[in-house]
Novice: 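The structure follows.
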Amino acid sequence: MLSCKTFFQTYVSPKMKTLVIVLTPLLLLPLIFNGAEARAGYCVLLMTIFWLTSALPEAVTSLLPIVLFPLLDILSTSEVCALYIKQSNIVFFGGVVLALGVERSNLHRRIALRVILTFGTNPRWLMLGFMSVSMSLSLWISNSGVTAMLIPIVNAVVDELFHDSMDVEMGANSLASQHSSIVTLQETGQPTKQCSRSNDIKQKVKVPFLIAVSYAASLGGTGTLIGSGAPLAFKGIFEDLYGSDTGLSFATWMAIGVPVALITTLLAWIWLQVLFAADFKSTADDDCGMRNKEDIKSSIRNQYTELGPMTYYEKSILFLFGLLIVLWVSKDPQFMPGWEDLFHQENRIGDGTVAIAVVVLAFILPSEPNFLCFRKAGEESSSSPALLEWSYVQRKFPWSVLLLLGGGYAISDASKVSGLSVLLANYLSSLATLPPFAVLLIMCFLTSAITEIASNTAIASILLPIVAQITEVAKLNPLYLMMPVTFSCCHAFMLPVGTPSNAMVFSAGKMKPGDMMKAGAVMKIISIFVLCSIMETVGVAIFGLSNSQQSSCIE
C-alpha cells in the first residue's frame, strides 16, 4: 500500500498543472449562469488561480480576457484588445528601452562601483552602499534587472573582503614543503580549519548583503511610475476610472514614492544590522580571514579603473535618460506651471509621447562620435551604429510584462462594466464604519500578504478596481487607498516566490527559507507603517487628503 505522501508525489504532483488547467474551469463553471457580475468573477477567479499556481505562463494567462470576455458577453473583442496597448504600456516600454541602453553601455556597473568606493570597506557601510545603488537604479530600471546586475558584484566584493581559501592552503602547503614538515600541518589541520571558518563567515556575510539588495530593489521600484509593473498598472486603472485630470503625475507620485523608498531602505538597513549583528561581529575577529581594508579598497578601485574613462556612449545614454526624467517631472509638476502649458492645444501631451520621443532619439544618435568636428584630421569618415539597435531591444525586452499589464487593464474594465467591483465593495462595506487610517492599514496588510504568493502586477490589477469601489462606499478620496495598496503590492519580502529579485538572491546565496522569512516579517511591518505615515503627512500636502477632505472623491 502506497502512503498518501508517496501517492501524491508519484501520481499527482507531476500532473498538478494539468489538473489545475482542466479542473479549475469546470469547478467554477456554475458562476457563468448567474449574471454579468458572476461571469466576470469566473474570469477573474480563473486567471487568479492560474497566476497563483503558474499553471500557464503569466503572459499566456494574461491573454485569456481576449477569449473569455467576448464569449461571456462582458466586453467585445475590439474593446478588450484595445486595452493591451494603453498609454501606461507605452510609458513602460519607453522607460525599459532606455534602461536597456544603460545596461548595454555598462553605465550601471560604473555607478555601482563608484558608490561602493564612496562607502568604504566596512561590511556594514558596504551594505548601505549596495542598498543605495539597488534602490536608486530600481527607480528607473526593472527590479530583476538591477538585482541580476548586482549579484555578481556582491559576490566579487564579499570575496575581496576575505583571503581566498585556496591561497591560504597553497601558501601553507608551500611553506610546509620548504621546511619538510607537511605532516605537522596536516596533523594540526590549522589551515583547513581557518579556511573553513573564513568560508563560513563569508557565506554568513553574503546572505544579508543579497537580501539587502533584493529588498532595496523592491522598495526603489515603487519610487517612480516606471519602476515596476504595479505602479504602471495603477496609473492605467486610475486614469481609466477617474480621467487624467486628478492631480496625479510623474512628479506627484515621486513626492510620495521617493520618501517611502528612502526611509524604508534606511530602516531596512538598520533592521538587517540588528538581525545579522552576530555575523557582522564575527568579521572583527582576528582569525576570520578578512583582508586588510586598504587591499580591499585597492582591489575594488582596480575594477573601477578597468572600466576606463567615461565613454561617449555612456555620456549619451546618461544624457537621454536624464532628459527623459526631467521632461517627465517638469511636464505637469502640479505645484508650478509645467512645459506642457506652453502648448496651447486641446489635446494633452501624455507621458507616453515623451517616452517615445526620447526612445526615437536613442535609435538615431550614433554611439561613436565619428562625425563633423569629432573626427580627427585625416581620419576617414565611417558610419557608427546608433545608441540602441532594435535586435538588442527585441532580445532583451520583457515582452511578457506588457501582456501582463494589458490583462490587468482588461480585468479592471470588465469588473467595472459588469458591476463585479461594486458587488465586492458592497460586501466589504463594513470597512466604512472604521476610521480611515484603520481601513488603510487593513488594506495594506491584506495586499502585502497576498503579494507574497503571486505576481505584484497581477495582484494590483485584481485588487485596485475593488479598492476604488471601497473608497466610494467609505466616502474616501480614491488615492488615499489606491496608492498605498499599489505600494504594498511590491512589498514582498518573506518568500522567494514573492518577486523575481527574491528568487534570484535566494538561489545565489544558497539560503534557507527561514533566512528570508525572519528578515521579511519585520520588513513588512516596517514598510506598511512608513507607507501609511507618509500618506497621512505628505499625502495631505500633495493630494489634499486631510480628514475634512477624505470624504470628497475625485469627480
Side-chain angles (χ1 to χ4, degrees), residues 20-53 55-56 58-86 88-89 229-230 232-242 403-429 431 443 446-447 450-451 454-474 478 481-482 485-486 489:
V20 171
I21 292 171
V22 173
L23 294 179
T24 303
L26 295 177
L27 293 174
L28 296 176
L29 198 59
L31 288 174
I32 67 173
F33 303 107
N34 292 283
E37 298 94 334
R39 294 198 302 273
Y42 172 84
C43 301
V44 173
L45 283 174
L46 184 64
M47 292 177 67
T48 302
I49 292 171
F50 283 179
W51 270 329
L52 290 174
T53 60
L56 289 174
E58 284 185 349
V60 176
T61 300
S62 302
L63 291 170
L64 288 179
I66 299 176
V67 178
L68 296 175
F69 290 155
L71 289 177
L72 296 177
D73 194 26
I74 299 170
L75 295 170
S76 68
T77 302
S78 59
E79 288 174 327
V80 178
C81 291
L83 296 170
Y84 282 77
I85 301 294
K86 296 183 69 173
S88 296
N89 300 65
L232 276 166
F234 161 79
K235 185 176 186 294
I237 292 169
F238 188 75
E239 290 184 351
D240 188 49
L241 291 172
Y242 302 105
L403 296 178
L404 190 59
L405 287 170
Y409 299 148
I411 287 176
S412 172
D413 214 51
S415 299
K416 181 179 68 174
V417 170
S418 67
L420 174 63
S421 55
V422 176
L423 180 67
L424 292 174
N426 287 333
Y427 280 118
L428 297 171
S429 59
L431 291 174
M443 294 307 303
L446 177 64
T447 305
I450 297 173
T451 197
S455 161
N456 303 343
T457 309
I459 293 301
S461 302
I462 294 166
L463 289 181
L464 285 175
I466 301 170
V467 172
Q469 290 299 323
I470 292 174
T471 61
E472 293 188 13
V473 173
L481 288 186
M482 292 181 73
V485 164
T486 304
C489 286

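What you see is a predicted model, and the numbers here were worked out from it, not measured in a lab.
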Novice: Which heavy-atom pair separates Ala230 from Thr486 by the least distance, and what is that distance?
Specialist: O-CG2, 3.4 Å
Novice: Do Val485 and Phe234 come within less than 4.5 Å of each other through their side chains, counting heavy atoms only?
Specialist: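 No, side chains not in contact.
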Novice: Nearest 0.5 Å please: distance from the OG1 atom of Thr471 over to the CG atom of Leu481.
Specialist: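 If we round to the nearest 0.5 Å, Thr471:OG1 and Leu481:CG are 6.0 Å apart.
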Novice: Can you tell me how far CD1 of Ile237 sits from OG of Ser415, rounded to the nearest 0.5 angstrom?
Specialist: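 Reported value, rounded in 0.5 Å steps: 9.0 Å.
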Novice: Show me the donor-acceptor pairs within less than 3.5 Å that the side chains of residues 26-49 make with the rest of the protein, sequence neighbours left out.
Specialist:
{"unit_1": "Asn34", "atom_1": "ND2", "unit_2": "Pro30", "atom_2": "O", "d": "2.8"}
{"unit_1": "Arg39", "atom_1": "NE", "unit_2": "Leu72", "atom_2": "O", "d": "2.7"}
{"unit_1": "Tyr42", "atom_1": "OH", "unit_2": "Pro25", "atom_2": "O", "d": "3.3"}
{"unit_1": "Thr48", "atom_1": "OG1", "unit_2": "Val44", "atom_2": "O", "d": "2.6"}

Novice: Does Thr451 reach the main-chain N or O of Cys489 with its side chain, forming a donor-acceptor pair under 3.5 Å?
Specialist: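 Indeed, once roles are kept as given, a pair shorter than 3.5 Å links the two residues.
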Novice: What's the separation between atom CG in Leu463 and atom CD1 in Ile470, rounded to the nearest 0.5 Å?
Specialist: 8.5 Å
Novice: Testing the basics here: between Ala233 and Tyr409, what is the closest heavy-atom pair and its distance to 0.1 Å?
Specialist: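 For Ala233 and Tyr409, the tightest heavy-atom pair comes out as O-CE2, 3.5 Å.
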Novice: Where is the tightest heavy-atom contact between Phe69 and Ile411, given as atom of each residue plus distance?
Specialist: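 Phe69 and Ile411 have their closest heavy atoms at CE1-N, 4.2 Å.
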Novice: Give the minimum heavy-atom separation between Leu63 and Tyr84, together with the two atoms involved.
Specialist: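 So the minimum-distance heavy-atom pair works out to CA-OH, 3.7 Å.
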Novice: Can you measure from NZ (Lys235) to CG (Leu464) and round to the nearest 0.5 angstrom?
Specialist: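 Atom-to-atom, Lys235:NZ and Leu464:CG are 14.0 Å apart.
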Novice: Please find the pair of heavy atoms, one from Phe50 and one from Leu64, that lie closest to each other, and give the distance.
Specialist: CD1-CD1, 3.8 Å
Novice: Is Glu79 close to Asp413 at the side-chain level, that is, under 4.5 Å between some pair of heavy atoms?
Specialist: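 Counting from C-beta outward, Asp413 and Glu79 never come under 4.5 Å.
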Novice: Looking at every non-hydrogen atom in both residues, tell me the closest pair between Ile66 and Cys81 and how far apart they are.
Specialist: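 Reported closest heavy-atom pair: CG2-SG, 4.1 Å.
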Novice: To the closest 0.5 Å, what do you measure between CE (Met482) and CG (Leu241)?
Specialist: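 The CG atom of Leu241 is 5.5 Å from CE of Met482, to the nearest 0.5 Å.
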